[in-house]
Number of protein chains: 2
Amino acid sequence: MKRKITLKQIARELDVSISTVSKALRNSAEISEDTKQKIQAFAKLYNYRPNNIALSLKNRRTNTIGIIIPEIVHHFFSKVISGVELVANKRGYNVIIGLSNESFSKEVINMEMLANGSIDGFILSMSKETLKLQDYHHFNETMTQGMPIVMFDRVVSDVKCDKVIVDDFNGAKKAVGKLIENGCKSIALITTKDYVSVGKLRTQGYLEALEEHQMPPKAELILKIDESLDYEAHLEGLEKEIEQLFQSNPKLDGVFAVNEIYALLAMKVARKLGLDVPNDVQVIGFTDGVLSKHATPSLTTVSQHAQHMGEKAAELLIDKLESEFNSADEVFQTVVITTDLVERESTK
Amino acid sequence: MKRKITLKQIARELDVSISTVSKALRNSAEISEDTKQKIQAFAKLYNYRPNNIALSLKNRRTNTIGIIIPEIVHHFFSKVISGVELVANKRGYNVIIGLSNESFSKEVINMEMLANGSIDGFILSMSKETLKLQDYHHFNETMTQGMPIVMFDRVVSDVKCDKVIVDDFNGAKKAVGKLIENGCKSIALITTKDYVSVGKLRTQGYLEALEEHQMPPKAELILKIDESLDYEAHLEGLEKEIEQLFQSNPKLDGVFAVNEIYALLAMKVARKLGLDVPNDVQVIGFTDGVLSKHATPSLTTVSQHAQHMGEKAAELLIDKLESEFNSADEVFQTVVITTDLVERESTK
DNA sequence: GAAAGTCACGAAAACGTTTTCGTGTTAAGA
DNA sequence: TCTTAACACGAAAACGTTTTCGTGACTTTC
């Protein structure tokens, strides 16, 4: 088990100084051709690679970016990571991840852990608990210390930083518009409680689409799910709620759900009640996850281009990191990713 | 934008030496109570936190572990990461990820990038290309330099290191046994080409189960899919192949597939051909992914406990990192995670 | 043959820590 | 009063780099 070789060892071995070795390996004109070749050959032989940690300490930058997300076992988030990793790698950066698990305190701890020199900047999506508590001090403190943050998807206007968001409002509007076009007269919305910003925006899009077509919204058609419960564990309860929605609205012929699971459950309930999708009731979901594609019937969805979001976020962050003038130019961008309606079998 | 405060600044501010500050903050008995309190108060006021990079350089350990996986947008892998992150965090480690994208060269590059001081050890699952090329020099070189590796799921006996694997053989055997118990007489296998070790083992399990029940295997019941094509892009082709399998075996009444997608497609084809699942044909898949749970009918699967694999791998790695005697005790463990059959609606 | 310039290299500082080993001051013991 | 011990602190090295500056040996120039 031989340790990695260092400049010092090469220097001692070849009987020159450390500086000479360093310069030779960086091909400095200061060093004669002879010594350069000798040193480079030796270095190659022993497979010398500069120690990243030492470089980080010297340069005061790690070329690593930190991602903090609520959970990783989630198609949307892993797709975002994938995008971040793609451009990060292309531009010579590593990616380190921290999971908040939707908990405020884990988010704070994770950020503090990484902020002490481990990374150059953050890409993050807030935990539900943080959104609920509206406590953003850790973001602001991080930024005051000169560490840039790019937020995606779950953002909040109280924090001034670069952001990448999905056009939730128009995505929802487009989807509901499609249902109306397709002849739906009674369209239900299955959404989350309002403190989740994206749920709120999608709800507004739903309402706007109705209004535009002179269809008065009805409170009994809107089902707001409390997501503080882990819904994977409460699938039956959820199903019950949705079944009730169907039963108290017998004329229901369209459903817009703010995520895949809700949409799939709606289809399941519909089938159970003897309704055919898409002939009796049409369903559209949000998020281009893997479930939508492989469901039967496959689900029409509003695609949020998660990977593209990740790429954009990484570009924003790295651009900021590499701009010299990060002293006073406090201009923050918000990039809006437009959504697409991916039509599949659950709509006509 | 104030930079993070350092020991040196505190020392200058309080007119003591750097050593004194360091010792005071670590509560050394060498320093008088008075000075300790003064320094600690000052440090707390300015929210001092030691710089991780400097610590890493000094201690020659980063308390960070690297994960290299083929892709992250995959329920199994993200679940594993989730497990790794859980115990890593609990034990004071960070997690940094590299994606090989199933490519040999990206795997090599990523590992080299991280091996130069950025991390203390690897947890990884090999890319398909690496498995095909059978070129393992990068693993061996990494280990020679004193950096431990724990492999999971896709492993190979040529590399001597700690491993965490799924009991693919018995999992498959159990599944096929279940189908036989349930009365299936003609059971198809949908698997991958043999170079993917897990595919091979699951195939052997299938054969063993048949043999144990005195059912001769038939070549026409075994469909080997070439996974070098990205199957997400070749779903139709895949479906065709499976349809052919059904048509050339009209008495088919059971299907064992080595992953979710194949199993779902089998169900889809069955439905298309007018066969009821599970009454006419029963289906079992491998991997407890999200698709199985939400499919209709929901899919009976062999659960591999991905999260548990990740936890185990992390424990193995960290234990090795923290054992003092990592000099000569070249004992490598292979932990086998037993599978469970999760029965759902696709079997009787 | 002396002044000036070029060449090739080394010494040392710096990044932010921790830790070992002094060292000066004071108090206790003889 | 002198020695010794305890106490409280500082200097410096070390981790592995890069880079600035200095310097000795040679070569060129008049």
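We name chains A, B, ... by the order of the sequence lines, and we start the count at 1 in each one. Here the structure is a predicted model, which is why all the values come from computation and not from measurement.
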Can you tell me how far [atom2] of [Y] sits from [atom1] of [X], rounded to the nearest 0.5 angstrom?
X	Y	atom1	atom2	answer
Met151(B)	Lys160(B)	CE	NZ	11.5 Å
Ile123(A)	Ile149(A)	CD1	CD1	11.0 Å
Asp120(A)	Lys320(A)	CG	NZ	14.5 Å

Checking all strands, does [X] fall into the base, sugar-phosphate, or nothing category for heavy-atom contacts under 4.0 angstrom?
X	value
Ser22(A)	base
Ser56(A)	nothing
Leu7(A)	base

**Q.** NZ/NE/NH1/NH2 to OD/OE distance under 4.0 Å, Glu129(B) and Lys132(B)
**A.**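 No.
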
Q. To the nearest Å, how far apart are Leu14(A) CG and dC9(C) P?
A.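 Atom CG in Leu14(A) sits about 11 Å away from atom P in dC9(C).
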
Q) Lys23(A) or Gln9(A): which one's nearest nucleotide on DNA chain D is closer to the 5' end? A)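 The 5'-side residue here is Gln9(A).
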
Q. Of Arg49(B) and Ser32(A), whose closest DNA chain C nucleotide lies nearer the 5' terminus?
A. Ser32(A)

Q. What class does the angle between the rings of His138(A) and Phe104(A) fall in, given that below 30° is parallel, 30 to 60° is tilted and above 60° is perpendicular?
A. perpendicular

**Q.** Geometric class of the Phe77(B)/Phe152(B) ring pair [parallel <30°, tilted 30-60°, perpendicular >60°]
**A.**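 Taking Phe77(B) first and then Phe152(B), their aromatic rings stand perpendicular (interplane angle over 60°).
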
**Q.** Outermost DNA chain D nucleotides near chain A [under 4.0 Å, heavy atoms]
**A.**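 Nucleotide range with atoms under 4.0 Å of chain A: dC15(D) to dC21(D).
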
